[in-house]
Amino acid sequence: MQKVLIICDVYPPSFAPRMGYLVKYMRELNWTADIVTRSQDRDFSFRSLSGDEKVVRVKGVQVPMITMKDKVKRLFRQKHNHLRNGDLISTHILNNLNRKDYNLILCSTAQQTFILYAAWKVAKAWNKPWIADLRDLHEQMPKLPTTSRGMIGNLLEEFQKKHNRFTLKLRNRMLGAANLTTTVSPWHAAQIEKYNTNTHLIYNGYDPDTYSPRQVKDMKLFKITYTGTVHPERHNPELLFQATKSLKENNIITEADFRIQFYVPQNRRKIIKDSPSFSSIEEFVDFYDYIDTSEVPKLLNESAVLLLLSNLFEPDGPKGLISTTKYFEYLAVERPILCVRSDEDLLEASINEANAGVAARTHEETYDFLFKKWKEWKEKGFTTIDINKEYTQQFSRKIQAKQFVDLFNMLLIKDQT
């Protein structure tokens, strides 16, 4: 049995369970792992994924907060804290773990560059091959409009930009030092290849043990379901609300049997309610808090349409949105997907290739899709989709674990020659 040391920002997180699923499925491929992460562990949703593996939590790691008070407090020491975090993790590993126990190192993070820095230091000290796996990049975030912030606000913003330049420079250096890199979308891969040509695409995906199709043949309601958070620059539900308004005005739907269900946090619902057409159809909309992850597959299978919120791809807008885990879980249960508004880019292309539904660009496309599915539900009591399984199976976490392990084995062969 081979063993990899995984150094990651959080484990096992519900918002990004990539490493948890890797650990789960690589056991079947003669690999095991020890995991080193920071001490914060408030999310128990995917605790079962850690199995019997050792999880080492390093105390004292300070992750930058997003509140203004914390920004001001830490702003002038960000560079120091960043390097300190990496040193804390790497020193803990070097002092407490044995290099002979591991064949290689895998570092997985979103935008926490100090995790890469820690992995690089350990790999260098141990003379071990290592992989950098990035789920998010600073460049994928939209450029915010310039606003008047006053002298203090401008000063804080300038310090933040300076820190960002430092972390990006360090990140790019770490990417270049890795034996190979992995990431989650074609857009991300194209960015990382600028710094490491040995870059491999391994999508986020769905757990085949958890998400599978189950046809509900007696749907009492026509439910359009959305699970997750909402961001104003990334998500635009307006086409859905416009189409719902038209269905209402044409006397096709009623409140009693047509429901749009948002499972989103309280603090994100205003973004939905601020959509121009929301007030005209709000009687069709229900808001719910998050439910336990174990309940999500049943919820998705019992929905007539699964809602995917997106927005038009813009050079200054968010990028690489095909990487969202929600999309792959939608594909796995094989329910019709309505994506509004289409990004007219990678996400639309993927939905079309999967034959999973529609990425709507216009009110007419949205209306026609909903009306078609509504008629099908009225006639059959359920809705269907003829998914392209040959395409969607690549998003199985089990298959993706093999992709990782194949890279592990390739590195070991190179390391031995």
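Hydrogens, waters and symmetry mates are skipped; everything else that's a heavy atom, side chains included, is used.
Donor-acceptor pairing under 3.5 Å is lacking for the side chains of Asp136 and His138. Using modelled atom types, one finds no donor on one side chain facing an acceptor on the other under 3.5 Å when comparing Tyr367 with Thr362. Residues Thr182 and Asp133 have side chains that bring a donor and an acceptor to within less than 3.5 angstrom of each other.
Using a 4.5 Å cut-off on side-chain heavy atoms (C-beta onward), Arg38 and Gln112 make no contact. Side chains of Lys24 and Asp207 form a contact here, defined as non-hydrogen atoms less than 4.5 Å apart. Looking only at side-chain heavy atoms (C-beta outward), Arg259 and Val285 stay at 4.5 Å or farther from each other. Residues Thr113 and Leu168 fail the side-chain proximity criterion, which asks for heavy atoms closer than 4.5 Å. In this structure, Phe382 and Glu302 have side chains that are not in contact, with every pair of non-hydrogen atoms separated by 4.5 Å or more. Using a 4.5 Å cut-off on side-chain heavy atoms (C-beta onward), Leu309 and Asn236 make no contact. Taking the side chain as every heavy atom from C-beta outward, Ile337 and Tyr327 approach each other to under 4.5 Å. Side-chain atoms of Phe114 and Leu170, non-hydrogen and from C-beta on, never get closer than 4.5 Å to each other.
Comment: Arg135 engages Asp9 in a salt bridge, judged by a side-chain N to carboxylate O separation of less than 4.0 angstrom. A salt bridge does not link Lys372 with Asp368: none of the charged nitrogens is closer than 4.0 Å to a carboxylate oxygen. Salt-bridge annotation for Glu376 and Lys373: present, with a side-chain N of the basic residue lying under 4.0 Å from a carboxylate O of the acidic one. Between Glu238 and Arg341 no salt bridge is recorded (no basic side-chain N to carboxylate O distance below 4.0 Å). Salt-bridge check for Asp286 with Lys223: failed, with every basic side-chain N at 4.0 Å or more from each acidic carboxylate O. Ion pairing between Arg234 and Asp343 fails under the 4.0 Å rule for side-chain N and carboxylate O. Taking 4.0 Å as the cut-off between side-chain N and carboxylate O, Asp87 and Lys121 count as a salt-bridged pair.
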Worked check of side chain to side chain contact (heavy atoms under 4.5 Å, CB included) between Arg171 and Leu134
CA-CA 10 Å; Arg171 182 205 68 182; Leu134 269 70; 4.1 Å; yes
Could you walk me through whether Leu338 and Leu306 pass the side chain to side chain contact (heavy atoms under 4.5 Å, CB included) test, one step at a time?
CA-CA 6 Å; Leu338 169 63; Leu306 299 178; over 6 Å; no
Residue pair Ile131, Asn179: steps toward the side chain to side chain contact (heavy atoms under 4.5 Å, CB included) verdict:
CA-CA 6 Å; Ile131 297 172; Asn179 294 83; 5.8 Å; no
Worked verdict on Tyr206 versus Thr392 for side-chain hydrogen bond (donor to acceptor under 3.5 Å, both in side chains)
CA-CA 10 Å; Tyr206 62 87; Thr392 60; 5.0 Å; no
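Taking OG1 of Thr229 as the reference point, atom NE2 of His235 lies at 8.0 Å (rounded to 0.5 Å). Note that CG of Leu221 is 12.5 Å distant from CD of Glu255, once rounded to the nearest 0.5 Å.
A donor-acceptor pair under 3.5 Å is absent between the side-chain atoms of Arg269 and the main chain of Phe262, judged by distance alone.
Atom CD of Glu283 is surrounded by more than 12 heavy atoms from other residues, nucleotides or ligands within 6.0 Å. A 6.0 Å sphere centred on NZ of Lys3 holds more than 12 heavy atoms belonging to other residues, nucleotides or ligands. More than 12 heavy atoms of other residues, nucleotides or ligands lie within 6.0 Å of CZ in Arg214, so this atom counts as buried by the packing criterion.
The side-chain tip of Lys326 points at the ring of Tyr226 from less than 6.0 angstrom away and within 45° of straight on. The cationic group of Lys398 does not satisfy the cation-pi geometry with Tyr25, failing either the under 6.0 Å distance to the six-membered ring centre or the 45° limit from the ring axis.
Using cut-offs of 30° and 60° for the angle between ring planes, the Phe222 and Trp374 rings count as perpendicular. Aromatic ring orientation, Phe395 versus Phe328: tilted (interplanar angle from 30° to 60°).
Nearest heavy-atom pair across Arg57 and Tyr11 is NH2-O, 2.9 Å.
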Name the atoms and distances for all side-chain donor-acceptor pairs under 3.5 Å in residues 352-359, with sequence neighbours left out.
from: Asn352; atom 1: ND2; to: Glu348; atom 2: O; distance (Å): 3.3
from: Asn355; atom 1: ND2; to: Asp386; atom 2: O; distance (Å): 2.6

